[in-house]
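Throughout, a chain's letter reflects where its sequence line sits, starting with A, and its residues are numbered from 1. Computed from a predicted model, the values in this text were never measured in an experiment.
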Amino acid sequence: MPELPEVETTRKGIGPHIQNKQISQVNIRHFGLRWPIPSNLAEALEGRHVTQTLRRGKYLLLDCGNGWLIIHLGMSGSLRILTQTEPPRKHDHVDLVFADGSILRYHDPRRFGAILWEPGNVWNHPLIREMGPEPLDPLLPADYLYDATRKRSQAIKQVIMDSKLLVGVGNIYASEALFRARIHPATAANRISKQRCQRLQQAIRQTLQSAIDTGGSTLRDYVNSRGDSGYFQLQHLVYDRTEQPCRVCGTPIRQIRQGQRSTFFCSHCQN
DNA sequence: AATCTTTCCTGCCGGC
DNA sequence: TGCCGGCAGGAAAGAT
């Protein structure tokens, strides 16, 4: 269930272990992810050093000097660091082996993730170029969400999950942020006042940031452990809490469907 | 058997 | 008429 906080936690977890290390070998056991892994990937990577590990939205971007490795974890992907060689388990599709013997291993049972190679300017890559702003960017104008939603009659929950509008808000944190902002998820986006849009933008930022802060405490266990952790769900206010009492007012949490996805909210707190 | 996770893609619609 | 943006629905694989 990687959303922005999980991807950021992964970035912080792997970054120090691969920074400035030389890639000596690339082992690909399964090319069939969301898009095929480029057949020249090993050739492009071997011998290069990783100089930066960045995140844009839910994408990880590894600067390899001669180009960029673009990694998306999809629905079920994870990355972990091995300090020595270890037999691959089921769904361990790709290894980056470093000169010091450590390994960055990509695991993805459902294979909705992606591993791509951009030899030029990664910011011009079609997947990166079209993305909306980062909700955690301190320079994001307070009225960004208000201005960006004026022509959107769609339900606000689906609008904040549109990555062309704003990156990083997936199904779980969309429900969580709307609860924090006390806005009903089915409200038409363009009928939400400026003040409430400001509140929602703030709630999105706080929700993502506190999830990242929580995930940060699991980093100690990053090496030799799974990159995805169930840790975040301890903090859910509404997600997956159907019929359970609202943590604020006690009203049973309701579950509805919006665009084939489940939404959770409190009908008393959110209106 | 239905549901969950992400997001790209196709096709349709209305406005200009 | 053609172009554009908004929007709904479908698709991918596997675990539970």
Side-chain angles (χ1 to χ4, degrees), chain A residues 1-11 29-37 55-61 70-79 88-94 106-116 118 125-135 145-177 185-192 204 207-208 211 215 226-233 236 238-243 253-264:
Chain A
M1 48 156 204
E3 293 195 20
L4 185 147
E6 289 81 356
V7 178
E8 179 62 14
T9 298
T10 297
R11 186 190 71 79
R29 288 175 286 273
H30 201 314
F31 284 81
L33 302 185
R34 177 171 193 160
W35 299 285
I37 295 175
R55 178 190 59 75
R56 177 75 172 97
K58 298 176 187 171
Y59 291 87
L60 287 168
L61 309 175
I70 301 174
I71 302 175
H72 197 287
L73 301 176
M75 290 185 170
S76 59
S78 61
L79 288 165
R89 303 175 208 170
K90 199 174 181 184
H91 309 306
D92 283 344
H93 304 312
V94 178
Y106 179 83
H107 175 92
D108 188 1
R110 275 159 264 184
R111 289 192 270 121
F112 284 9
I115 298 183
L116 299 170
E118 170 53 59
H125 190 283
L127 291 173
I128 307 296
R129 196 180 49 208
E130 305 295 332
M131 294 195 306
E134 294 281 338
L145 189 60
Y146 177 74
D147 294 339
T149 52
R150 289 313 84 193
K151 292 179 177 172
R152 305 291 294 267
S153 59
Q154 222 180 2
I156 186 62
K157 195 260 193 168
Q158 289 165 273
V159 171
I160 60 175
M161 290 175 64
D162 176 359
S163 65
K164 288 194 168 66
L165 185 115
L166 195 68
V167 296
V169 181
N171 199 45
I172 295 171
Y173 294 115
S175 285
E176 296 293 304
T187 313
N190 58 3
R191 297 180 62 180
I192 299 177
I204 289 170
T207 302
L208 296 177
R226 295 181 55 81
D228 56 348
S229 120
Y231 208 87
F232 297 93
Q233 72 194 34
H236 292 166
V238 289
Y239 183 80
D240 206 19
R241 297 196 63 242
T242 311
E243 298 303 325
I253 298 300
R254 288 185 53 195
Q255 176 174 359
I256 57 172
R257 300 288 289 182
Q258 294 183 285
Q260 341 257 56
R261 318 291 301 275
S262 284
T263 302
F264 303 84

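- Under the 30°/60° scheme for interplanar angles, the aromatic rings of A/His107 and A/His91 are found to stand perpendicular.
- Rounding to the nearest 0.5 angstrom, the gap separating the CD atom in A/Gln154 from the CG atom in A/Asp162 is 7.5 Å.
- In this structure, CE of A/Met161 is placed 15 Å from P of C/dC7, rounded to the nearest angstrom.
- For A/His72, a side-chain nitrogen or oxygen approaches OP1 or OP2 of B/dT7 to under 4.0 Å.
- Spacing between atom CG of A/Leu73 and atom C1' of C/dG14 amounts to 16 Å, rounded to whole angstrom units.
- Phosphate contact (OP1/OP2 of B/dT6, side-chain N/O of A/Ser76, threshold under 4.0 Å): absent.
- The shortest non-hydrogen separation linking A/Glu3 to A/Lys58 is CA-CE, 4.0 Å.
- Counting non-hydrogen atoms under 4.0 angstrom, A/Gln255 reaches the backbone sugars and phosphates but no base.
- The nearest whole Å value for the distance from the CE atom in A/Met75 to the C1' atom in B/dT3 is 11 Å.
- Remark: A/Arg152 is in phosphate contact with C/dC7, judged by side-chain N or O atoms under 4.0 Å from OP1 or OP2.
- Phosphate contact (OP1/OP2 of B/dC8, side-chain N/O of A/Tyr59, threshold under 4.0 Å): present.
- In this model, no donor atom of one side chain and acceptor atom of the other lie less than 3.5 Å apart for A/Ser153 and A/Asn190.
- Picking from B/dT6, C/dG14, C/dA8 the nucleotide with the shortest atom distance to the side chain of A/Gln154 gives C/dA8.
- Of the two residues contacting DNA chain C, namely A/Arg111 and A/Ala155, the nearest-nucleotide position lying further toward the 5' end is that of A/Ala155.
- For C/dG10, one of the phosphate oxygens OP1 or OP2 lies less than 4.0 angstrom from a side-chain nitrogen or oxygen of A/Gln260.
- Here the P atom of nucleotide B/dT7 and the CD atom of A/Gln158 are 15 Å apart, to the nearest Å.
- To the nearest angstrom, P of B/dC9 lies 14 Å from CG of A/Asp162.
- Atoms CG (A/Asn171) and P (B/dT7) sit 11 Å apart, rounded to a whole Å.
- When base pairs are accepted only as Watson-Crick or G-U wobble with both N-N or N-O distances under 3.5 Å, DNA chain C takes part in stems of 3 or more pairs at B:2-4 with C:14-16, B:6-16 with C:2-12.
- Using a 4.0 Å heavy-atom cutoff across all strands shown, A/Asp108 reaches no nucleic acid atom at all.
- Here B/dT6 is the nucleotide among C/dC7, B/dT6, C/dG14 with the atom lying nearest to any side-chain atom of A/Phe112.
- Residue contacts shown for A/Lys164 are absent, as no nucleic acid heavy atom lies under 4.0 Å away.
- If you take CZ on A/Arg152 and CG on A/Leu165, they are separated by 6.0 Å, rounding to the nearest 0.5 Å.
- Residue-level contact check: A/Arg261 touches the bases, meaning some heavy atom is under 4.0 Å from a base atom.
- With no hydrogens or angles considered, no side-chain donor-acceptor pair links A/Arg257 and A/Thr263 at under 3.5 Å.
- Following rounding to the nearest Å, A/Gln258 (CD) and B/dT3 (P) show an atom-to-atom distance of 16 Å.
- In this structure the side chain of A/His72 never reaches within 4.5 angstrom of the side chain of A/Leu33, judged on heavy atoms.
- For the OP1/OP2 pair of C/dA11 and a distance below 4.0 Å, the side-chain nitrogens and oxygens of A/Arg110 include no atom meeting the criterion.
- For A/Arg34 against B/dT7, a side-chain-to-base donor-acceptor contact under 3.5 Å is present.
- For C/dA15, one of the phosphate oxygens OP1 or OP2 lies less than 4.0 angstrom from a side-chain nitrogen or oxygen of A/His91.
- A donor-acceptor pair shorter than 3.5 Å cannot be found between the side chains of A/Glu176 and A/Thr207.
- Expressed to the nearest 0.5 Å, how far OG of A/Ser78 lies from CD of A/Glu6 amounts to 12.0 Å.
- Side-chain nitrogen and oxygen atoms of A/Lys151 include none within less than 4.0 Å of the OP1 or OP2 phosphate oxygen of C/dG6.
- In this structure, CZ of A/Arg89 is placed 18 Å from C1' of C/dG14, rounded to the nearest angstrom.
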